[in-house]
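The structure under discussion appears below in the form of structure tokens.
When reading the values below, keep in mind they use all heavy atoms of this one structure, side chains included, and skip hydrogens, waters and symmetry mates.
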Amino acid sequence: MADVPPKIKILKGAEPDLSAATYQIHDESHTIGNALRWMLMKNPKVEFCGYSVPHPSEPHINVRIQMYDHQSSLTALIEALNNLDDVCNTIERAYTSSLASGNFERWDEKS
């Protein structure tokens, strides 16, 4: 059985209090990277956030988070992931409700 890498790993060079750290998120791409960066930057305690895809053939992204006042970037990351999950759930509920109402345009595609 192959070893499965952890979903999130803290890379070398992080501050001891995690006020500045780079996290590697395995098996993700620009899709989650940009949304997560946006959600992190909405947090007024976050001083800087950026992400990169080290190489297109590598299945992970690196997210750099720097906090004001020596606060934990790990706490901010977990909060942002939870908030992003809430946003996705809200969109899914609205989409499902709209789809169930049947109030949308339909057409037959002619080939």
Side-chain angles (χ1 to χ4, degrees):
M1 177 182 233
D3 289 336
V4 177
K7 185 66 176 179
I8 299 177
K9 178 170 74 171
I10 301 171
L11 298 181
K12 290 181 182 178
E15 292 293 324
D17 62 358
L18 294 179
S19 62
T22 302
Y23 299 88
Q24 186 174 78
I25 305 176
H26 182 70
D27 205 23
E28 296 297 345
S29 65
H30 290 287
T31 304
I32 192 77
N34 195 37
L36 185 57
R37 181 202 54 80
W38 174 77
M39 191 60 77
L40 280 159
M41 289 307 299
K42 290 179 63 70
N43 183 340
K45 299 171 188 169
V46 174
E47 180 179 10
F48 171 82
C49 178
Y51 81 95
S52 64
V53 178
H55 192 275
S57 67
E58 294 179 12
H60 58 263
I61 61 172
N62 294 338
V63 179
R64 175 73 177 176
I65 306 169
Q66 294 173 203
M67 304 294 291
Y68 287 114
D69 302 325
H70 299 283
Q71 297 192 35
S72 172
S73 61
L74 182 58
T75 301
L77 176 63
I78 292 168
E79 181 181 324
L81 287 167
N82 288 331
N83 291 343
L84 196 54
D85 189 47
D86 291 345
V87 168
C88 290
N89 288 333
T90 300
I91 291 169
E92 181 181 22
R93 282 192 303 273
Y95 174 77
T96 303
S97 173
S98 177
L99 191 62
S101 75
N103 189 16
F104 49 87
E105 184 178 345
R106 298 169 193 218
W107 72 92
D108 292 325
E109 185 175 330
K110 297 177 181 159
S111 34

Practice task
Identify the heavy atoms of M67 and V46 that sit nearest to each other, and give their distance.
Solution key: SD-CG2, 3.7 Å
Problem - Residue pair A76 / L40: nearest heavy atoms and the distance that separates them - result: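 Here A76 and L40 meet closest at O-CD2, 3.5 Å.
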Problem - I32/L84 under side chain to side chain contact (heavy atoms under 4.5 Å, CB included): CA gap, chis, key distance, verdict - result: CA-CA 9 Å; I32 192 77; L84 196 54; 3.7 Å; yes
Reported [atom1]-to-[atom2] distance for the pair [X] and [Y], which is rounded to 0.5 angstrom:
X   : Y   : atom1 : atom2 : value
I65 : L77 : CD1   : CG    : 4.5 Å
L18 : Q71 : CG    : CD    : 12.5 Å
E15 : S72 : CD    : OG    : 12.0 Å
E79 : S73 : CD    : OG    : 12.5 Å

Handout entry: N89 atom CG, over 12 foreign heavy atoms within 6.0 Å
Key =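 Count over threshold, so yes.
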Could you check whether any side-chain N or O of [X] sits under 3.5 Å from a backbone N or O of [Y], counting only pairs where one atom can act as donor and the other as acceptor?
X   : Y   : value
T90 : D86 : yes
Y23 : L74 : yes
T96 : R93 : no
N43 : K45 : yes

Problem - Candidates E28, H30, R37 - the one meeting side chain to side chain donor-acceptor pair (under 3.5 Å) with Y51 - result: H30
Exercise for the section: Test T22 against every option in R64, Q66, K9 by the side chain to side chain donor-acceptor pair (under 3.5 Å) rule and name the one that passes. Expected result: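 The passing option is R64.
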Handout entry: Candidate pair V63 and C49, rule side chain to side chain contact (heavy atoms under 4.5 Å, CB included), full reasoning
Key = CA-CA 7 Å; V63 179; C49 178; 4.1 Å; yes
Handout entry: Verdict with supporting geometry, K7 and D27, side chain to side chain contact (heavy atoms under 4.5 Å, CB included)
Key = CA-CA 8 Å; K7 185 66 176 179; D27 205 23; 4.1 Å; yes
Any chain of hydrophobic side-chain contacts (each under 4.5 Å) joining [X] to [Y]?
X   : Y   : answer
I78 : M41 : yes
F48 : M39 : no
V87 : L36 : yes

Practice task
Using a 4.5 Å cut-off on heavy atoms from C-beta on, say whether the side chain of L81 contacts that of I8.
Solution key: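 In short, these two side chains touch, coming nearer than 4.5 Å.
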Practice task
Report yes if some heavy atom in the side chain of H26 is under 4.5 Å from a heavy atom in the side chain of P6; otherwise report no.
Solution key: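 Answer no - side chains too far apart.
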